[in-house]
Amino acid sequence: MLKKGSKLNSILTGTCPKCQNESMYEDKNILHLGNILKMNEKCSHCGLKYQIEPSFFYGAMYVSYGLNVATGIAAFIISYLIIGTSLKVAFVAIIVSNILLFPFILRWSRNIYINMFVSYDPNFKAQ
């Protein structure tokens, strides 16, 4: 499931979608909030330019929106329907879960978006 070559591996680890040998981000630690979106210009292994076109990652905002909605729905279902909290507590759970998952959703949305356009190439040879 998370073996090299799968899109899920590239999305969850933040590696280059073409060769999956190197992280796309300058700082691999997702909790360093000051560096969370700083990306390498290109992959040093395969040469893939991450910023495919100007403002490429603006499209990742739509993916981020979908992930935030899914997180909110999951938090509501868990807190209100499964645990049985009040409606106010359920909405607080939505807000808290979105705040806590903010750095992960930011990176995952970029990873998902670039993986929509670039696929793994097992036959690629580094130049």
Which value, rounded to the nearest 0.5 Å, describes the distance between [X] atom [atom1] and [Y] atom [atom2]?
X	Y	atom1	atom2	answer
Leu8	Thr13	CG	OG1	9.0 Å
Ile94	Asn68	CD1	CG	11.5 Å
Asp121	Leu48	CG	CG	11.0 Å
Cys16	Glu22	SG	CD	7.5 Å

Hydrophobic cluster identity match, [X] and [Y], side-chain contacts under 4.5 Å:
X	Y	value
Leu31	Met39	yes
Tyr80	Ile77	yes
Ile114	Val63	yes

| message | Are the side chains of Arg110 and Leu37 in contact, using a 4.5 Å heavy-atom criterion? | response |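 The answer is yes, as the side chains (C-beta and beyond) meet within the 4.5 Å cut-off.
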| field | Minimum side-chain heavy-atom gap Ile112-Met116 below 4.5 Å | value | yes
Which atom pairs, one a donor and one an acceptor, fall under 3.5 Å between side chains of residues 100-109 and the rest of the protein, sequence neighbours left out?
| unit_1 | atom_1 | unit_2 | atom_2 | d |
| --- | --- | --- | --- | --- |
| Arg107 | NE | Ile36 | O | 2.9 |
| Arg107 | NH1 | Asp27 | O | 3.3 |
| Arg107 | NH1 | Lys28 | O | 3.4 |
| Arg107 | NH2 | Asp27 | O | 2.7 |
| Arg107 | NH2 | Ile36 | O | 3.3 |
| Ser109 | OG | Ile105 | O | 3.1 |
| Ser109 | OG | Leu106 | O | 2.8 |

Taking side chain to side chain donor-acceptor pair (under 3.5 Å) as the definition, give me every residue that meets it alongside [X], ordered by chain and number, with sequence neighbours left out.
X	value
Tyr25	Asn111
Asn98	none
Ser119	Lys7

| Asn115 side chain vs Pro17 backbone, donor-acceptor pair below 3.5 Å | no
| field | Under 3.5 Å: donor-acceptor pair, side chain of Gln20, backbone of Gly5 | value | yes
| note | For Lys38 and Gly34 the tightest heavy-atom approach is CE-O, 3.9 Å
| note | Looking only at heavy atoms, the pair that brings Cys46 and Cys43 closest together is N-SG, 3.5 Å
Using distance only, find each side-chain donor-acceptor pair of residues 82-93 under 3.5 Å and give its atom names and separation, not counting sequence neighbours.
| unit_1 | atom_1 | unit_2 | atom_2 | d |
| --- | --- | --- | --- | --- |
| Thr85 | OG1 | Ser79 | O | 2.9 |
| Ser86 | OG | Val89 | N | 3.4 |

Anything under 3.5 Å between a donor and an acceptor, one on a side chain of residues 49-58, the other on a protein residue two or more places apart or in another chain? List them.
none

| said: Looking at Tyr65, I want to see if its OH is surrounded by more than 12 non-hydrogen atoms of other residues, nucleotides or ligands under 6.0 Å. | reply: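 Open: at most 12 neighbouring heavy atoms sit under 6.0 Å from OH of Tyr65.
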